[in-house]
Amino acid sequence: MNVDRLLIGRYLPGKTLIHRLDPRVKLVITLAFIFLTFFADNWQSNLLLFAFIFFCVLIAKIRFGFFLNGLRPMLWLIIFTVMMQVLFLTGGHLYWHWGWLTISQYGINSGIIVFLRFVLIIFISTLLTLTTSPTNLANGLSSLLKPLKFFHLPIDEISLMLALSLRFVPTLMDETGKIMNAQRARGVDFGEGNIFQQMRSLVPIFIPQFIASFNRADELATAMESRGYRGAAKRTKFNRLKFKVNDWIACLIFVFLIFAIYFLRK
Amino acid sequence: MEINFRNVSFSYQLNTPFSTAALKDVSFDIPDGSFTSIVGHTGSGKSTVLQLIDGLLIPEKGHIQAGSFQMNSGSNAKHLKKFRKNVGFIFQFSENQLFEETVEKDLIFGPKNFGVEEKIAKEKARKVLKIVNLPESFLQKSPLDLSGGQRRRVAIASILISDPQLLLLDEPVIGLDPGSKDEIMNLFSRLNQQGKTIVMVSHEMDDVADYSDQIIVLNAGRISKVGSPEEIFSDESYLRKEKLRLPSAIDFAKQLKKVGFPINVSIKNKRELLREIKKQFEIEKDKK
């Protein structure tokens, strides 16, 4: 187990065009892009979506190896889903069959499409988290959720919770690493023995981690209150989100992409 | 336990864009039975050295020998139990590692992992609690009911219980009250005199000067100087360059000299300063 390897939710600081885009724009485009992948059902439309991502990655100046790393934790899920498609879907030319299992033209086709869809979705979400700082992400999200205030949802509280939890992910990871080392030094071997022994060896990590987290939450609340935080009060922001020319251009490009996919699909 | 580092380099998060070099081409020797302090600025690689010694990190380049145990870039981080049995590692804020329901259970956690029988381990727990100066009644208490300082003592006891030949200390007394600080540092010093090798990372120059016989100064992942406390602390311009504080005993002796108090020998720690001042007063008394 290596805490350092986890890339999900990692942010790579930078000053490129993609980094500087309004987080709301990035969030909406990412969501819409994920939606769009479900409409891409032939190679032309998939090619276009991939071209779009490559284009963005190029602008963001992020090494491509990063995106492949992002695929790794999802690998088994992808393989499983693709195999389901390939082995159970029938139709078109039949290449091979054994009992229920068949390999057919349709199966292979939809297997490839599903695989590409996974890759696209993982790439675009990796791009989002790599180029947007957690604070910005939370700001964008809470700004997008604002209309829900109409239904008396406590958006400010939710966005604060979101921002805090994102903020403390690296802190908690650090701490987990430290506690793991401390227990290793006392003779624990993580990742050894059968599954029950492995689960048991996590107890000496989780309990200190829980204790530390509760203590920290308590201290954080005190610190916030002593600086005058009140949940109900209307808050102003130091970094206010503002649409700029680039944001409009990004939206425009994406609208073109939607139309292009619409015309390219079967 | 003797420790040798030969041209050791280490980077965190190797092969990612977050990769940062923590140690660059570091070589040094820690003799068996010594009390070695590692000092340097924040981020100079002090804690990394300790973790490399314990096999918690694997060197990227170079070769490490700790006792009969050898490690280089190809080593596997697993199956180190046998080695770690002889190494005690007291981490920064070690009180955070306690997790069991009672102090006793926490103390025997290490020995049990190393295959010591429960009955023997419990016997040891009773003894080790005395060493860190806590009453035996604490054995059945929950670690959560103790104060921070008491929990630190329990954590230190949970390492000492395995009777390690090598002790790695990462700021062991940080945040303790002055009384406990002295008491625990004296405990380590006693263990050192019993023949245990001690490697300590500390920002507290007074402790470094009072207890260590070798100092390794790290600067941005490289060795800046290795030497005895006398060698390191006598060169004031060097200390200033490395942003290290002069130990207060040495500083005090310097100030005394400046106002005309006759101190002739070079002072290297608190004990020597006290001895020297006492001697001067006795000379004064004899004159009268």
CG on D170(B) to CG on N181(A), rounded to 0.5 Å: 10.5 Å

statement: Cut-off 4.5 Å, heavy atoms of chain A, and the answer for L144(B) is side chain

- prompt: In terms of heavy-atom pairs under 4.5 Å, which option from N215(A), I62(A), I211(A) contacts chain B the most?
  reply: I211(A)

statement: When the 4.5 angstrom heavy-atom criterion is applied to D54(B) and chain A, the contacting part is side chain

- request: Take atom CZ of R200(A) as the centre, draw a 6.0 Å sphere, and report whether it contains more than 12 heavy atoms from other residues, nucleotides or ligands.
  value: no

message: Looking at every non-hydrogen atom in both residues, tell me the closest pair between F91(B) and A182(A) and how far apart they are.
response: CE1-CA, 3.3 Å

message: With a 6.0 Å cut-off (strictly less than), is the heavy-atom count around CD of E101(B), excluding the residue itself, greater than 12?
response: no

task: Give a yes or no on whether F64(A) atom CZ has more than 12 heavy-atom contacts from other residues, nucleotides or ligands under 6.0 Å away.
output: yes

- prompt: Quick check: are there more than 12 heavy atoms from other residues, nucleotides or ligands sitting under 6.0 Å from CZ of F243(A)?
  reply: yes

message: Surrounding NZ of K181(B) (heavy atoms of other residues, nucleotides or ligands, distance under 6.0 Å), is the total greater than 12?
response: yes

I195(A) atom CD1: more than 12 heavy-atom contacts under 6.0 Å: no

Per-residue contact mode, E100(B) against chain A (heavy atom under 4.5 angstrom): neither

- prompt: Taking all atoms of both residues into account, what is the closest heavy-atom pair of P204(A) and F109(B), and its distance?
  reply: CG-CZ, 3.7 Å

field: Side-chain touch D106(B)/R186(A), heavy atoms, less than 4.5 angstrom
entry: yes

- prompt: Non-hydrogen atoms of chain A under 4.5 Å away: do they reach the side chain of S158(B), the backbone, both or neither?
  reply: both

Considering all heavy atoms, the nearest F114(B)-A185(A) contact: CZ-O, 4.0 Å

- prompt: Given a strict heavy-atom distance threshold of 4.5 Å, which part of L57(B) is in contact with chain A: side chain, backbone, both, or neither?
  reply: neither

query: Does M83(A) CE have over 12 foreign heavy atoms under 6.0 Å away?
result: no

task: Using atom types as modelled and distance alone, determine if a side-chain donor or acceptor of Q183(A) lies under 3.5 Å from a backbone N or O of Q97(B).
output: yes

message: Counting only heavy atoms not in K178(A) (residues, nucleotides, ligands), do more than 12 fall under 6.0 Å from its NZ?
response: no

